[in-house]
Amino acid sequence: MPEKPYDHKQIELKWFERWQNQPDLYKADSNSSLPKYYVLEMLPYPSGTLHIGHIRNYSIGDALARYKRMRGFNVLHPMGWDAFGLPAENAAIANRRHPREWTRANIDEMKRQHRRMAFSYDWNREISTCEPGYYRWNQWFFLKMYERGLAYRRQALLNWCPNCATVLANEQVVDGCCWRHETTPVEQREMVQWFIRITRYADQLLSDIKQLEDGWPERVLTMQRNWIGRSEGTEVDFALEGDQRKIRVFTTRVDTIYGATCVILAPEHPLVTDLATAGVHAEVRRMIDARGHKDPGDLEKEGLFTGRYAINPFNGERVPIWVANFIVMGYGTGAIMAVPAHDERDFEFCKQYGIPIRPVIRPVDGDLADPVTIREAFADYGIVENSGQFSGLASAEARLRMNEAAGRAGFGSAAVTFRLKDWGVSRQRYWGTPIPMIHCPCCGVVPVPEEDLPVVLPLDVAITGQGSSPLAAVDAFMNVPCPKCGTAARRESDTMDTFIDSSWYFYRYCDPDNAGAPFDTQSAAYWFPIDQYIGGVEHAILHLIYSRFWTKFMRDLGLVANDEPATRLFTQGMVIKDGAKMSKSKGNVISADQMIERFGADTGRVFELFAAPPEKDLDWTDAGAEGAYRFLGRVYRFLTRNADRALAAQPGGASPSESDRRIRRKLHQTLRKVTEDFETRWHFNTSIAKIMEFVNDLYAAEADLSPAVLLEALETLVLMLEPFAPYVAEEMWEQLGRTGPVFRQPWPAFDAGLAREEEAEIVVQVNGKLRARFQAPFGTPQATLETTALGNDKIQQAIEGRRVAKVVVVPDKLVNIVVR
RNA sequence: GCGGACGUGGCGGAAUUGGCAGACGCACUGGAUUUAGGUUCCAGCGGGGAAACCCGUGGGGGUUCAACUCCCCCCGUCCGCACCA
């Protein structure tokens, strides 16, 4: 048969149409006796178009999904849409198009592109978070949290843009100004917000990281540990002079408390209002606003004396109370005791304002610093001095004793503080899940009864981008009788943070149409935990902490048995174009459609897997993609012109030639390499390189191969390419007269005996430098190797006139002759 | 400032356990095919040198028969955290 040109469009459209008509092609079976494998890529925001950055993520997951199917697993590989969010509202303002319409159109478009890329998703399980059938379960979970005290309302300081008249998320504050009004400084404003008490799970979120150490990148776990920020210390109450109230401070170094020379409050600390005079108050206000729009790193320390004093409960000493901008309200108690002799920040501050410095810790092998000549804080542990009954103790011992003493006397105790804060989930937005709460003038906050869910997001809403909470203006939505007393009441007008949508979506894939529960617990028990989760490292903190939290909450509700959502996490690198991350503003985005039109889906997939290992950033180049295209064309042409000859193979044909043996060896070496890459580190770049080598060898040996070997080579080649280039693999499978789909064929087993070289190549070095090489049978005795090496002409030349001091022999590998 | 990762040809990258540095691809050069261009096929391709050979994995030192790989110091790039008491 003459070879056929590689026409990627004709091949891909042929199979695209066939596969389109098989909605169950990649169906996952929740009642299978096969071992399960759940591979998941993070669900995308439906921005409107798939680009080559998305494609990388999905190509990695899809290669794995296809491979695992071929290895006999029952694979769940689903896809969905993170469909709520601000861009839909912005688009609505810009195009006068309803967010729902815009979102749905984008989903249709992106889903078409996904299918065209031949990603093997079970589309029967598709979810979209903006549909009431999904978000009603957000509301249901919210009610469950409310019942358990995990959802609550309180005042909070938030970023507020006076120009937009709305709250901004932290990510929407750029250099202290609004992202849409670059000259408008963001203000800090107090508002009543809904919070989720994720801090109740802080200890578990930290300790369960142990369960993830084998399967999650160390980098992500470190980021999570830092984010949670557990810190053990002591809470101590300082009495307020001339007042019944107390100031509670948190310290990790209670052993230094005899060195405390002032107490400092955060500007937002509730006591500041009471303690400070009017003049101080204005200054404090300015401090708060100044901090709102400055990089914390280059903020100068600034403080004010309140004029009041507090009493150190350990020694009864009277110390001044200050307010300073470097104390943050969100951590600990929002108040500290300053020990300038033993804390760098306190040292800097007290030096600046002339507050006394009193050393109370000396190095184990040194003297106590002099309070006058002291040049820097001594922050290490040491021996406690000048500290009453605790003098002479080591820091660690003193901490224990002081905690006990404080407990006995009732002015303090050991305490654990977290950097992790409760999760503020209220958003003054339209396009999100309505918070299922009702505000009644008689009963206060009343949850929507479970049977009234979902609280459906109304569609007829004016979105102007001005003013907060668009829902507040929709009377038909807002006005509702109180479920408790029937009085006319108002609904909550805020919607939920979209991170809630993505905190549990992967469970919904188990049972996406369930109208009576978020999902069937049996199905979840079968599929969970996720065997492999794949996504960008930018989600290392928020999404992945929220997801871990939600899983623990669902476990406590009895819905799931697993502590953690995913056993393994893989974070792939970014796709870079022209030296920069792809973005609309840089105009360097390549859409999936452009890429498919020019190169085809297979080429795009192969190039993105070949050009770099998946965890590293990848440079997209058209020239590189052309190389991948050439490779697929080379395979295709070789197969089409040799298929007939291969298929004519007779059982027990002619005895194998030297070329036959070499090709079979290379084939099994290649198969071993590809299999190992799938099973270990996913360096598909080296898998594909090895397949390319094999194809190069096939070209070189083409005329000398027997039909039987040719057939084995071609079939195995197609099977190995299936996870990477499913279209052309399917087409070639058909050309070989086989029935597909290829991903249902078993993955071929490599034969270690066939992969083994016939003879070992022995490298001969002189003083570590390569000088000669020779062939020797495997297992040749070391003495023989040494003799052969020494007898080699080149070696004789190299060592001539010098004395052989030592010979190192590594069996089957190397002889190193050391001469002087 | 603290913590982490990384640094290999013109480019992307390979070398998995200390054992041939540069697999594979791109770019480039030459040849074959072609009226020509393109495609395809074959070959060359770290630097120096006519060659023997020498040099070479950010820089400097060390361990070792042997170092891209291990150890120490320095430089650079990227990422994370950054008054967290």
Side-chain angles (χ1 to χ4, degrees), chain A residues 3 5-6 217-220 222-223 225-227 229-231 233-234 249-254 256 264 266 291 295-301 324-328 330-339 342-346 348-349 379 417-421 537-538 540-541 576 606-607 610-613 615-628 630-631 633-634 637 673 676-677 680-681 683 685-696 699-700 761-773 797-798 805-810 813-819:
Chain A
E3 71 175 34
Y6 175 50
E218 189 49 45
R219 185 154 80 112
V220 172
T222 303
M223 284 165 75
R225 279 192 201 98
N226 291 341
W227 187 262
R230 185 178 197 273
S231 153
T234 311
V249 305
F250 175 76
T251 177
T252 53
R253 292 297 304 275
V254 72
T256 66
I264 313 178
R291 187 163 64 182
D295 228 348
D298 44 53
L299 199 66
E300 297 268 314
K301 283 192 176 49
N325 63 346
F326 72 101
I327 306 304
V328 296
Y331 185 75
T333 59
I336 66 153
M337 60 174 200
V339 184
H342 304 293
D343 182 285
E344 281 173 41
R345 298 152 302 177
D346 296 350
E348 187 191 335
F349 182 78
T417 286
F418 292 92
R419 186 184 169 281
L420 180 73
K421 295 175 197 155
V537 74
E538 64 273 19
I541 306 290
I576 304 287
V606 167
F607 174 69
F610 173 70
E615 71 276 8
K616 281 190 60 171
D617 287 351
L618 169 131
D619 278 309
W620 176 277
T621 62
D622 286 353
E626 272 162 27
R630 272 199 287 274
F631 163 65
R634 236 166 115 73
R637 287 187 303 274
K673 171 74 179 152
E676 282 174 0
D677 276 332
T680 59
R681 42 175 212 166
H683 278 201
N685 54 328
T686 58
S687 311
I688 293 169
K690 199 78 181 172
I691 298 174
M692 286 172 168
E693 282 183 52
F694 176 58
V695 171
N696 290 344
Y699 266 74
E761 187 182 51
I762 309 298
V763 169
V764 189
Q765 299 176 332
V766 176
N767 287 347
K769 285 185 180 155
L770 176 72
R771 284 292 179 262
R773 57 184 83 214
Q797 267 175 40
K806 188 178 177 182
V807 178
V808 179
V809 181
V810 182
K813 263 195 177 159
L814 164 144
V815 179
N816 189 14
I817 300 159
V818 185
V819 296

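Quick note: numbers below take in every heavy atom, side chains included, and nothing from hydrogens, waters or symmetry partners. Every chain is numbered from 1 and lettered A, B, ... according to where its sequence line falls, protein lines coming before strand lines.
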**Distance-only side-chain donor-acceptor flag, A:His683 / A:Glu615, under 3.5 Å** = yes
**Consecutive-pair stems (at least three Watson-Crick or G-U pairs, under 3.5 Å) that include RNA chain B** = B:1-7 with B:75-81, B:10-12 with B:24-26, B:28-32 with B:40-44, B:46-48 with B:53-55, B:58-62 with B:70-74
**Message:** I'd like the C1' distance from B:C54 over to B:C2, given in whole Å.
**Reply:** 45 Å
Between [atom2] on [N] and [atom1] on [X], what's the gap in Å once rounded to a whole number?
X        : N     : atom1 : atom2 : result
A:Lys616 : B:U77 : NZ    : C1'   : 12 Å
A:Asn226 : B:G80 : CG    : P     : 13 Å
A:Phe631 : B:C24 : CZ    : C1'   : 10 Å
A:Arg225 : B:A82 : CZ    : P     : 17 Å
A:Tyr6   : B:G38 : OH    : C1'   : 19 Å
A:Leu618 : B:G12 : CG    : P     : 12 Å
A:Lys301 : B:A85 : NZ    : C1'   : 11 Å
A:Ile576 : B:G12 : CD1   : P     : 12 Å

If you look at every strand shown and take non-hydrogen atoms under 4.0 Å, does [X] touch a base, only sugar-phosphate, or nothing?
X        : answer
A:Asn767 : nothing
A:Pro613 : sugar-phosphate
A:Gln765 : base
A:Tyr699 : sugar-phosphate
A:Arg219 : sugar-phosphate
A:Val818 : sugar-phosphate
A:Thr251 : sugar-phosphate
A:Glu761 : base
A:Lys673 : base
A:Ile264 : nothing
A:Gly229 : nothing
A:Arg773 : base

**Request:** Tell whether A:Glu626 reaches the base of B:C26 with its side chain through a donor-acceptor pair below 3.5 angstrom.
**Result:** no
**Request:** Check whether the side chain of A:Lys690 and the base of B:C24 form a donor-acceptor pair under 3.5 Å.
**Result:** no
**Prompt:** Mapping A:His683 and A:Met692 onto RNA chain B by nearest heavy atom, which one lands closer to the 5' end?
**Reply:** A:His683
**Residue mapping more 5' on RNA chain B - nearest nucleotide basis, A:Leu770 or A:Asp346** = A:Leu770
So, is [X] close to the [N] phosphate, meaning a side-chain N or O under 4.0 Å from OP1 or OP2?
X        : N     : answer
A:Arg637 : B:C41 : yes
A:Asn696 : B:G25 : yes
A:Ser231 : B:A85 : yes
A:Lys806 : B:C65 : yes
A:Arg630 : B:C26 : yes
A:Arg771 : B:C53 : no
A:Asn685 : B:A14 : yes

**Fill in**
With syn defined as a glycosidic angle within 90 degrees of 0 and anti as anything else, the base of B:G9 is syn
**Message:** Tell me if a side-chain donor or acceptor on A:Asn325 pairs with a main-chain N or O of A:Glu300 at a distance below 3.5 Å.
**Reply:** yes
**Fill in**
Per atom distances to the A:Ala623 side chain, the nearest of B:G13, B:A85, B:A27 is B:A27
**Item:** Salt bridge flag under 4.0 Å for residues A:Arg634 and A:Glu3
**Value:** no
**Prompt:** Quick one: does A:Val763's side chain get under 4.5 Å of A:Leu770's, heavy atoms only?
**Reply:** yes
**Asked** Do other residues, nucleotides or ligands put more than 12 heavy atoms under 6.0 Å from the CD atom of A:Glu538?
**Response** yes
